[in-house]
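The figures here come from the full heavy-atom set of this structure, side chains too, leaving out hydrogens, waters and symmetry mates. The structure presented is a predicted model; accordingly, all values stated were derived computationally and were not measured. Order of appearance sets the numbers: ligands from 1, and atoms from 1 within every ligand.
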Amino acid sequence: MQKLSGKTALVTGASRGIGRAIALRLAAEGASVAVNYNGSEAKAAEVVEQIRAAGGTAFAVQADVADAASVAAMFDTVLKEFGGLDILVNNAGITSDGLLIGMKEEQFDRVVDTNLKGAYLCMQLAAKRMLRQRSGRIISISSYSGIHGNAGQANYSASKAGIIGLTKSAARELGSRGITVNAIAPGYIDTDMTSVLSDKVKEAILAEIPLKRIGTPEDIAAAAVFLAGDDASYITGQVLEVGGGMGL
Ligand code: NAP
């Protein structure tokens with residue numbers, strides 16, 4: 001039995017990695033999915049095709065989440081297509097690593113604008129619609145780095161810690177209207193984002209993971225589907241760490 005039949009969802013940054021896995025899994029659970037991408041048009045089209053081939057409903061929508069006008073246009077398209085929105089997954093994110101003392105202002109702004117401001121822009125427009133519907137699920141992808149910090153990622157960690165504050169505040173504001181707002185904090189997940197790390201760094205990270213394996217995008221998608229479904233209806237303002245016990 002599909003858990004999300006009849007629901008509509010928007011997943012940002014769904015062309016690759018974790019967002020892709022979340023879009024596929026939401027669709028497998030019966031949700032109609034808007035697959036957002038920024039630059040990877042062909043990859044987003046593949047995700048849509050995969051969902052349709054499995055009998056699901058999906059379409060791709062381009063937007064740079066760091067740009068307010070672009071996000072507004074995306075919501076116009078999604079709301080027109082779906083007539084509402086039940087689930088928002090703020091997943092789009094980037095890194096631009098470097099030590100604090102050498103970090104450029106542009107580097108800081110770009111990461112915070114995409115990861116944190118992007119989540120705020122999408123959350124605001126989703127919340128406006130969900131308040132009218134008196135229901136909704138907002139799930140944002142934070143990070144282990146946002147909770148514990150990470151050397152070389154001051155910009156990224158700040159953006160991901162910001163997502164936690166955004167999530168908790170929105171949960172307090174929206175709860176009385178049946179809207180839950182939660183975050184997932186992945187540990188180390190095998191995607192394009194982490195493929196740039198050296199084998200030495202990967203081994204050091206693995207040594208810190210009690211479950212002794214690197215996470216997969218599907219591990220995060222499973223958590224997202226849980227938070228999007230009825231089983232999580234009494235959970236809001238929480239940060240679910242999915243990292244194989246990393247950081248314990
Ligand atoms: P990824 O493989 O690099 O994919 C990033 C996705 O975000 C792509 O679909 C990309 O779309 C999209 N994106 C980037 N900038 C965008 C923008 N301005 N507007 C719209 N979409 C944009 O990364 P990932 O590892 O799957 O990460 C997904 C999320 O999980 C991120 O928020 C990341 O911070 C978080 N996370 C990842 C890990 C990990 O270990 N991988 C751990 C903790 C948290 P295009 O390709 O179309 O531009």
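Annotation for Ala171 and Thr236: closest pair CB-OG1, 3.5 Å, computed over non-hydrogen atoms. Listed here is the closest heavy atom pair of Ala170 and Met123: CB-SD, 3.7 Å.
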What does the N/O contact table under 3.5 Å look like for ligand 1?
from	atom 1	to	atom 2	distance (Å)
ligand 1	3 (O)	Arg16	NH1	3.4
ligand 1	9 (O)	Gly13	O	3.1
ligand 1	9 (O)	Ser15	OG	2.8
ligand 1	9 (O)	Arg16	N	3.4
ligand 1	11 (O)	Ser15	OG	3.3
ligand 1	18 (N)	Asp64	OD1	2.8
ligand 1	19 (N)	Ala63	O	3.4
ligand 1	19 (N)	Val65	N	3.0
ligand 1	25 (O)	Thr191	OG1	2.5
ligand 1	26 (O)	Ile18	N	2.8
ligand 1	32 (O)	Asn91	O	2.7
ligand 1	32 (O)	Lys160	NZ	2.8
ligand 1	34 (O)	Tyr156	OH	2.5
ligand 1	34 (O)	Lys160	NZ	3.1
ligand 1	36 (N)	Tyr156	OH	3.4
ligand 1	40 (O)	Ile189	N	2.8
ligand 1	40 (O)	Ile189	O	3.3
ligand 1	41 (N)	Ile189	O	3.2
ligand 1	41 (N)	Thr191	OG1	3.2
ligand 1	46 (O)	Ser15	OG	3.4
ligand 1	46 (O)	Arg16	NE	2.9
ligand 1	46 (O)	Arg16	NH2	2.9
ligand 1	46 (O)	Ser40	OG	2.5
ligand 1	47 (O)	Ser15	OG	3.0
ligand 1	47 (O)	Asn38	N	2.9
ligand 1	47 (O)	Gly39	N	3.1
ligand 1	47 (O)	Ser40	N	2.8
ligand 1	47 (O)	Ser40	OG	3.4
ligand 1	48 (O)	Gly39	N	3.0

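Checked by atom type, the side-chain pair Asn90/Thr12 shows no donor-acceptor distance below 3.5 Å.
Each of Thr180, Ile179, Leu227, Thr167 was checked for a side-chain contact (heavy atoms from CB on, under 4.5 Å) with Ile138, and the lone residue meeting it is Ile179. Partner of Val242 under the side-chain contact (heavy atoms from CB on, under 4.5 Å) criterion, chosen from Ile189, Ile141, Ile220: Ile220.
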Taking only distance into account, with no hydrogens and no angle test, what donor-acceptor pairs under 3.5 Å do side-chain atoms of residues 28-42 form with protein atoms, sequence neighbours excluded?
from	atom 1	to	atom 2	distance (Å)
Glu29	OE1	Lys3	N	3.2
Glu29	OE2	Arg25	NH2	3.2
Asn36	OD1	Gly13	N	2.9
Asn36	ND2	Val61	O	3.2
Asn36	ND2	Ala63	O	3.3
Asn38	OD1	Gln62	NE2	3.1

